[in-house]
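To start, the structure under review is shown below, and the notes come after it.
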Amino acid sequence: MHAFSGLPGLSLKEYVLLEEVTSDRTLGNYLVEHGVIDCPENIKPYLDYVGIGAEFYSDHGGAYTLNGYVVRKTELPPQLQSQKPFREESRDEMLRLALRTGHHADYPLILPADEEYLSSVKKYLCIDEFAEAQIRDVRFKTPYIGQMIHATECPSVEEYNEFAEALEAIWQTDGALLTYAAVLDAEQPDTLRRAYELLQDLDNYERIVVGTYEYGQQRLQELLELDHDEIAELDGYMDFERYGQDRMDNDHVIQTEFGLLRRFEPPFPEQSQTQQMKGL
């Protein structure tokens, strides 16, 4: 059943849902914790929360549902009339976190986000720091990226946002996501911080999308600083296939789930002949 069912003539814009407030007792507790009922901390254990909730319910109406307390916005005191935070929708969604607090179940926090949005979210969730909220779920826009970050720690919202901003920076660059996926597969980072550092160091890697012949041409061109016409003149006089194979071996090119990968500094450790044959 929908949370707002049972209220005749309802216009959804006129009402608000206080999540997980399903009784006089929980309503009373909600009112006290949100400052509607002002009292010292040492007095709170002795308050009649049932009575507080029942009185508010009697004066302001509304209805208890399985999902929470539904009441007209105009009946709420100023302390409870905060609007849901607005995020600049022109930014791509890189990550989505589900945050849980004592008064909100699984609030969707979309990242990356600026400080203004993050501050408004904390205000809306009635917390001073994101450390007071529990991260219940993490969804990446590109699932295969998230699957290869084997984080053994519990990153903070701020760390997730920093990572999302770096991911957003390469989003429109051709081939960058696949290169990053290959890097993650090769490096196997065990913390989000390490995954972020690899993302910042993406220029130190090359995902190879050509065969040994083309790779031989590319590496000789880099070595001798030749242009395309000069390389073309050598065609027929040089075994680019063999040279490319030798250069891949010397460059310690490795196989990943997302293709061949080269690391410039330092090169990947030398692989066994079996590993090389499998990769090439």
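Predicted, not measured: the structure shown is a model, and the values here were computed from it.
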Under the 3.5 angstrom rule, does the side chain of [X] hit a backbone N or O of [Y] as a donor-acceptor pair?
X: S119; Y: E116; value: no
X: T256; Y: F258; value: yes
X: H60; Y: E75; value: yes
X: N250; Y: D246; value: yes

Partners of [X] by side chain to side chain donor-acceptor pair (under 3.5 Å), sequence neighbours excluded?
X: R207; result: none
X: Y64; result: D24
X: R100; result: D106

Are L18 and V32 connected into the same hydrophobic cluster when the rule is that any two of I, L, V, M, F, W, Y join if their side-chain heavy atoms are below 4.5 Å apart? yes
If hydrophobic clusters are built from ILVMFWY residues whose side chains come within less than 4.5 Å, do L192 and L109 share one? yes
To the nearest 0.5 Å, how far apart are [atom1] in [X] and [atom2] in [Y]?
X: L99; Y: Y107; atom1: CG; atom2: OH; answer: 8.5 Å
X: L118; Y: K123; atom1: CG; atom2: NZ; answer: 15.0 Å
X: E197; Y: Q200; atom1: CD; atom2: CD; answer: 9.0 Å
X: K141; Y: E93; atom1: NZ; atom2: CD; answer: 7.5 Å
X: L95; Y: I110; atom1: CG; atom2: CD1; answer: 11.0 Å
X: E19; Y: T26; atom1: CD; atom2: OG1; answer: 13.0 Å

I need the full list of salt bridge (charged side-chain N to carboxylate O under 4.0 Å, His left out) pairs touching residues 47-59, with sequence neighbours left out, sorted by first then second residue.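 The answer is none; no pair qualifies.
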Residue pairs involving residues 160-169 (criterion salt bridge (charged side-chain N to carboxylate O under 4.0 Å, His left out); sequence neighbours excluded):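 Qualifying pairs: R91-E168, E162-R193.
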List the residues meeting side-chain contact (heavy atoms from CB on, under 4.5 Å) with [X], not counting sequence neighbours, and say none if there are none.
X: P40; result: N42, I43
X: R139; result: R96, D137
X: N29; result: E33, Y49, H103

Please list, chain by chain and in numerical order, all residues satisfying salt bridge (charged side-chain N to carboxylate O under 4.0 Å, His left out) with K122, sequence neighbours excluded. none
With side chain to side chain contact (heavy atoms under 4.5 Å, CB included) as the test, pick out the partner of V138 among I149, L97, L111. L97
Looking at F268, I'd like to know if the NZ or CZ of R263 sits under 6.0 Å from its six-membered ring centre while staying within 45 degrees of the ring's axis.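 Pair R263/F268 counts as cation-pi.
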Under 3.5 Å, side-chain donor or acceptor atoms of residues 125-136 against the rest of the protein: list the pairs with distances, not counting sequence neighbours.
{"unit_1": "E132", "atom_1": "OE2", "unit_2": "D128", "atom_2": "N", "d": "3.0"}
{"unit_1": "E132", "atom_1": "OE2", "unit_2": "E129", "atom_2": "N", "d": "3.0"}

Mind checking whether H252 and I254 have side chains closer than 4.5 Å, heavy atoms only? no
Pairing of E41 and K44 as salt bridge, 4.0 angstrom limit: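 K44 and E41: salt-bridged.
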Flag the pair R262 and E206 as a salt bridge only when some basic side-chain nitrogen lies within less than 4.0 angstrom of an acidic carboxylate oxygen. yes
Would you say E153 has more than 12 foreign heavy atoms packed within less than 6.0 Å of its CD?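 Check passes, neighbour count above 12.
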Flag yes if more than 12 heavy atoms outside F264 fall under 6.0 Å of its CZ atom; otherwise flag no.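 Atom CZ in F264 is packed in, count exceeds 12.
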Which heavy-atom pair separates M94 from D92 by the least distance, and what is that distance? CE-CB, 3.3 Å
Considering residues at least two apart in sequence or located in another chain, which fulfil the ring pair (Phe, Tyr, Trp, His ring centres under 6.0 Å) criterion with F163?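 Once residues adjacent in sequence are excluded, F163 has no partner under the ring pair (Phe, Tyr, Trp, His ring centres under 6.0 Å) criterion.
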Do any side-chain atoms of residues 171-185 form donor-acceptor pairs under 3.5 angstrom with protein atoms, and if so which ones, sequence neighbours left out?
{"unit_1": "T179", "atom_1": "OG1", "unit_2": "G175", "atom_2": "O", "d": "3.0"}
{"unit_1": "Y180", "atom_1": "OH", "unit_2": "A195", "atom_2": "O", "d": "2.7"}
{"unit_1": "D185", "atom_1": "OD2", "unit_2": "E257", "atom_2": "N", "d": "2.6"}

